[in-house]
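The structure appears below as structure tokens.
Since this is a predicted model, take the numbers as computed values, not measurements. Residue numbers begin at 1 in each chain, while the letters A, B, ... track the order of the sequences.
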Protein chains: 2
Amino acid sequence: MSKPVVPRPTDTELAILRVLWERGASTVRQVHDTLLRERPTAYTTALKMLQIMTEKGLVRRDESDRTHIYHAKLTEEQTQRQLVRDLLDRAFGGSSSKLVMQALATRRASSEELTEIRKLIAQSGNTGETQGRTENTEATQGKRREVGDDRD
Amino acid sequence: MSKPVVPRPTDTELAILRVLWERGASTVRQVHDTLLRERPTAYTTALKMLQIMTEKGLVRRDESDRTHIYHAKLTEEQTQRQLVRDLLDRAFGGSSSKLVMQALATRRASSEELTEIRKLIAQSGNTGETQGRTENTEATQGKRREVGDDRD
DNA sequence: TATTGTCAACGAAGACTTTCGTAGGGCAGG
DNA sequence: CCTGCCCTACGAAAGTCTTCGTTGACAATA
């Protein structure tokens, strides 16, 4: 009932976390190279961010090699849940139905999304317990990531 | 290629917006008094925040009287939509079904909430025949985020 | 061995947030 | 007219976020 184990990631931190989730454990160099595809940025910026994120506990660092390796402490799903909960508290008075409503109003929900969502709702007939495992229903959208790995 | 008309409110700004949504147009004094119920804070803090929020366009100020009157520029729903869209982009790759999933996993969804949500989904069902283009969902990073419809 | 390249660690600048003290104007009651 | 109260406007302090240049350690290579 206290503070989250990890603080809410900032925008930049989230961008880095996305990289780590996508690539898995990575070096600063790899994170930086990936970040470069989106926007120009200096290597030391990525390094500094990862150092700070380590202090905050957002990522873990393996220092056994000279070139450190970072990986996200929480999974993407855990972080998403944290962010949703946070937003729920800050802007929705805790009402998840309102949040869902706005999510639908977003117009980003394609018909496939809607179908998927409907399925989710149907499953969650049970309210008492936790949703059990966070199924990775990524069937929603084909995985079309161009993971054209840099080099390595 | 227009940026959101208003910036994403910070935590404190959101707290103030909540007051304005709840009370309707209010004076600094009224906002401050309401804020006091949650946490101790100085009058000038509320004043300063409202001044800044006016500059940012988050609120409007009626200066016709010596005691100014502030009101939120966007409705609660508009802001919620903006925040959801924002979160969708930053942490969910645009997938609203994933967001809904996490909203449900939050365990905050009471059975009434679930019922409500189910109703929503059912309604949005007939949206199925989304005429026009259904915006391909894979635009994970929308370059163009129009928030055009901020009018009521 | 000298050179070149990679890497972590700082430190600091600049922008943004949040908080509050102080100042000055207006206004009502004395 | 003076006093005290309420109001707005500043500005500054402290904290956070983001970015990047510089430095020194290491290592591979010529």
Can you see if the side chain of [X] gets near the phosphate of [N] - specifically, an N or O under 4.0 Å from OP1 or OP2?
X        : N      : answer
Tyr43(A) : dA8(C) : yes
Arg29(A) : dT6(C) : no
Arg61(A) : dC7(C) : no
Gln51(A) : dA9(C) : yes

Separation of [X] atom [atom1] from [N] atom [atom2], in whole Å?
X        : N       : atom1 : atom2 : value
Glu55(B) : dG11(D) : CD    : P     : 12 Å
Leu50(B) : dT17(C) : CG    : C1'   : 15 Å
Leu14(B) : dT18(C) : CG    : P     : 11 Å
Met53(A) : dC17(D) : CE    : C1'   : 13 Å
Asp65(B) : dT8(D)  : CG    : P     : 11 Å
Gln30(B) : dT8(D)  : CD    : P     : 11 Å
Asp62(A) : dC7(C)  : CG    : P     : 15 Å
Glu63(B) : dA9(D)  : CD    : C1'   : 12 Å

For [X], side-chain contact (heavy atoms from CB on, under 4.5 Å) partners two or more places apart:
X        : result
Thr67(A) : Thr27(A)
Glu55(B) : none
Ser97(A) : Ser95(A), Glu113(B), Glu116(B), Ile117(B)
Gln51(A) : Leu47(A), Lys48(A), Arg61(A), Tyr70(A)

(Q) Holding to side-chain hydrogen bond (donor to acceptor under 3.5 Å, both in side chains), I want the full list of residues that pass it with Asp11(A), two or more places apart in sequence or in another chain. (A)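 With neighbours one apart ignored, the set is Arg8(B), Arg90(B).
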
Q | Partner set under ring pair (Phe, Tyr, Trp, His ring centres under 6.0 Å) for His32(A), not counting sequence neighbours | A |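 His32(A): ring pair (Phe, Tyr, Trp, His ring centres under 6.0 Å) contacts with Tyr43(A).
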
Q. Cut-off 3.5 Å, side chains only: do Thr10(B) and Glu13(B) have a donor facing an acceptor?
A.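 There is such a pair (donor and acceptor under 3.5 Å, judged by atom type) between the side chains of Thr10(B) and Glu13(B).
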
Q: Kindly state each residue pair satisfying ring pair (Phe, Tyr, Trp, His ring centres under 6.0 Å) with at least one member in residues 45-66 of chain A, sequence neighbours excluded.
A: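 As it turns out, there is no ring pair (Phe, Tyr, Trp, His ring centres under 6.0 Å) pair with a partner in residues 45-66 of chain A once direct neighbours are skipped.
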
Q: For nucleotides 18-24 of chain D, just jot down a letter per nucleotide in 5' to 3' order: B, S or -, based on protein non-hydrogen atoms under 4.0 Å.
A: BBBBB--

Q.
When the axes are fitted on five pairs at both termini, how much does the helix from dT1(C)-dA30(D) to dG30(C)-dC1(D) curve, in 10° steps?
A.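 Angle reported: 20°, given to the nearest ten degrees.
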
Q: Would you check if the side chain of Gln80(B) reaches a backbone N or O of Lys98(A) as a donor-acceptor pair within less than 3.5 Å?
A: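 No, the answer is negative, given that no donor and acceptor are paired below the 3.5 Å cut-off.
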
